[in-house]
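Before any comments, here is the structure.
Just so you know, residue 1 is the first one in the sequence shown, and it goes up from there. Both backbone and side-chain heavy atoms feed into the values below; hydrogens, waters and symmetry mates do not.
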Amino acid sequence: QVQLVESGGGLVQAGGSLRLSCAASGRAFSSYVMAWFRQAPGKGRDMIGEITQSGVTTYYTNSVKGRFTISRDNAQNTVYLQMNSLKPEDTAVYYCAARRLTTGFDYWGQGTQVTVSS
């Protein structure tokens, strides 16, 4: 079991930056693959990217490549999403999620709102 809590969302102007944090509690955080997702109103939940247990990011969606960076600190049980050059279309609720290697994403945070104004 792992519990996830996102923080760091808010309102930012286009072109600005935010860093989201996802703090995990529970056993064996380092055994989980972690990911960030986002969901805008009226749209499905899209994966932003995924990071392995050892900190290798294996996927970024094309719309954020070069702007967003996922990292993790296993010693602090935290995964981060650094967002630069934000655009209004990045406005969404952002979620972190966890899975083991052979499972789906069984654990989710509550989400944090990111709003990018033009």
Side-chain angles (χ1 to χ4, degrees):
Q1 293 286 328
V2 60
Q3 295 82 47
L4 307 173
V5 179
E6 301 97 334
S7 63
L11 175 64
V12 64
Q13 289 186 318
S17 298
L18 285 174
R19 188 174 80 155
L20 306 184
S21 298
C22 176
S25 62
R27 292 176 293 176
F29 171 75
S30 63
S31 71
Y32 290 93
V33 177
M34 301 295 297
W36 286 96
F37 292 77
R38 66 184 181 182
Q39 186 168 21
K43 294 187 176 181
R45 186 171 295 182
D46 295 327
M47 180 182 285
I48 297 167
E50 190 174 63
I51 188 166
T52 70
Q53 302 98 308
S54 61
V56 177
T57 303
T58 59
Y59 173 80
Y60 284 113
T61 190
N62 285 338
S63 62
V64 309
K65 284 182 178 178
R67 300 190 298 121
F68 290 13
T69 302
I70 298 171
S71 61
R72 70 189 293 163
D73 185 341
N74 289 340
Q76 297 294 322
N77 285 6
T78 303
V79 63
Y80 303 96
L81 178 65
Q82 178 68 46
M83 304 184 294
N84 299 324
S85 301
L86 283 161
K87 305 174 181 179
E89 52 263 44
D90 295 319
T91 295
V93 177
Y94 284 71
Y95 300 89
C96 65
R99 67 172 179 88
R100 295 189 181 273
L101 285 174
T102 59
T103 71
F105 288 99
D106 293 331
Y107 305 100
W108 295 82
Q110 83 287 352
T112 186
Q113 177 71 47
V114 172
T115 302
V116 184
S117 65
S118 60

- Query: Can you pull the disulfide bond (SG atoms under 2.5 Å apart) pairs that have at least one residue in residues 20-118, sequence neighbours excluded?
  - Reply: C22-C96

- Check whether any side-chain heavy atom of V79 sits under 4.5 Å from a side-chain heavy atom of W36, and report yes or no. yes

- Taking C-beta and beyond as the side chain, do L11 and S117 meet within less than 4.5 Å on heavy atoms? yes

- Atom CG of L18 and atom OG1 of T112: how far apart are they, to the nearest 0.5 Å? 9.0 Å

- Item | Note, L101 side chain near V33 side chain (heavy atom, < 4.5 Å) | yes

- More than 12 heavy atoms of other residues, nucleotides or ligands under 6.0 Å from CD of Q3: is that the case? yes

- Query: What is the distance from atom CG of N74 to atom CE of M34, rounded to the nearest 0.5 Å?
  - Reply: 9.5 Å

- Face-on cation placement of R67 at Y60 ring, 6.0 Å and 45° thresholds: no

- Query: Would you call W108 and L4 a side-chain contact if the rule is heavy atoms closer than 4.5 Å?
  - Reply: no

- Which is it for R38 and S63 under the side chain to side chain contact (heavy atoms under 4.5 Å, CB included) test, yes or no, and what are the steps along the way? CA-CA 12 Å; R38 66 184 181 182; S63 62; 3.3 Å; yes

- Task: Step by step, work out the side chain to side chain contact (heavy atoms under 4.5 Å, CB included) result for R45 and Y95.
- Result: CA-CA 9 Å; R45 186 171 295 182; Y95 300 89; 3.5 Å; yes

- Query: What is the distance from atom CD of Q13 to atom OG of S118, rounded to the nearest 0.5 Å?
  - Reply: 9.5 Å

- State, yes or no, whether a side-chain contact exists between Y94 and M83 at a heavy-atom distance under 4.5 Å. yes

- Message: Under 3.5 Å, is there a donor on one side chain and an acceptor on the other for R72 and T78?
- Response: no

- Between Y107 and L81, is there a shared hydrophobic cluster once you connect ILVMFWY residues whose side-chain heavy atoms come closer than 4.5 Å? yes

- Can you measure from CZ (R99) to CZ (F105) and round to the nearest 0.5 angstrom? 5.0 Å

- side chain to side chain contact (heavy atoms under 4.5 Å, CB included) evaluation trace for T58 with T52: CA-CA 7 Å; T58 59; T52 70; 3.5 Å; yes

- Does the side chain of T91 reach to within under 4.5 Å of the side chain of Q113, using non-hydrogen atoms? yes

- Item | I51 side chain near V56 side chain, heavy-atom distance below 4.5 Å | no

- Query: Do you reckon L86 sits in the same ILVMFWY cluster as L20, going by side-chain contacts under 4.5 Å, direct or chained?
  - Reply: yes

- Step-by-step side chain to side chain contact (heavy atoms under 4.5 Å, CB included) determination, S17 to Q82: CA-CA 8 Å; S17 298; Q82 178 68 46; 4.1 Å; yes

- Query: Just by distance, with hydrogens left out, do Y80 and R19 show a side-chain donor and acceptor under 3.5 Å apart?
  - Reply: no

- Task: Would you mind reporting whether F37 and D46 have side-chain heavy atoms less than 4.5 Å apart?
- Result: no

- Quiz item: cation-pi between R100 and Y32, 6.0 Å / 45°: yes

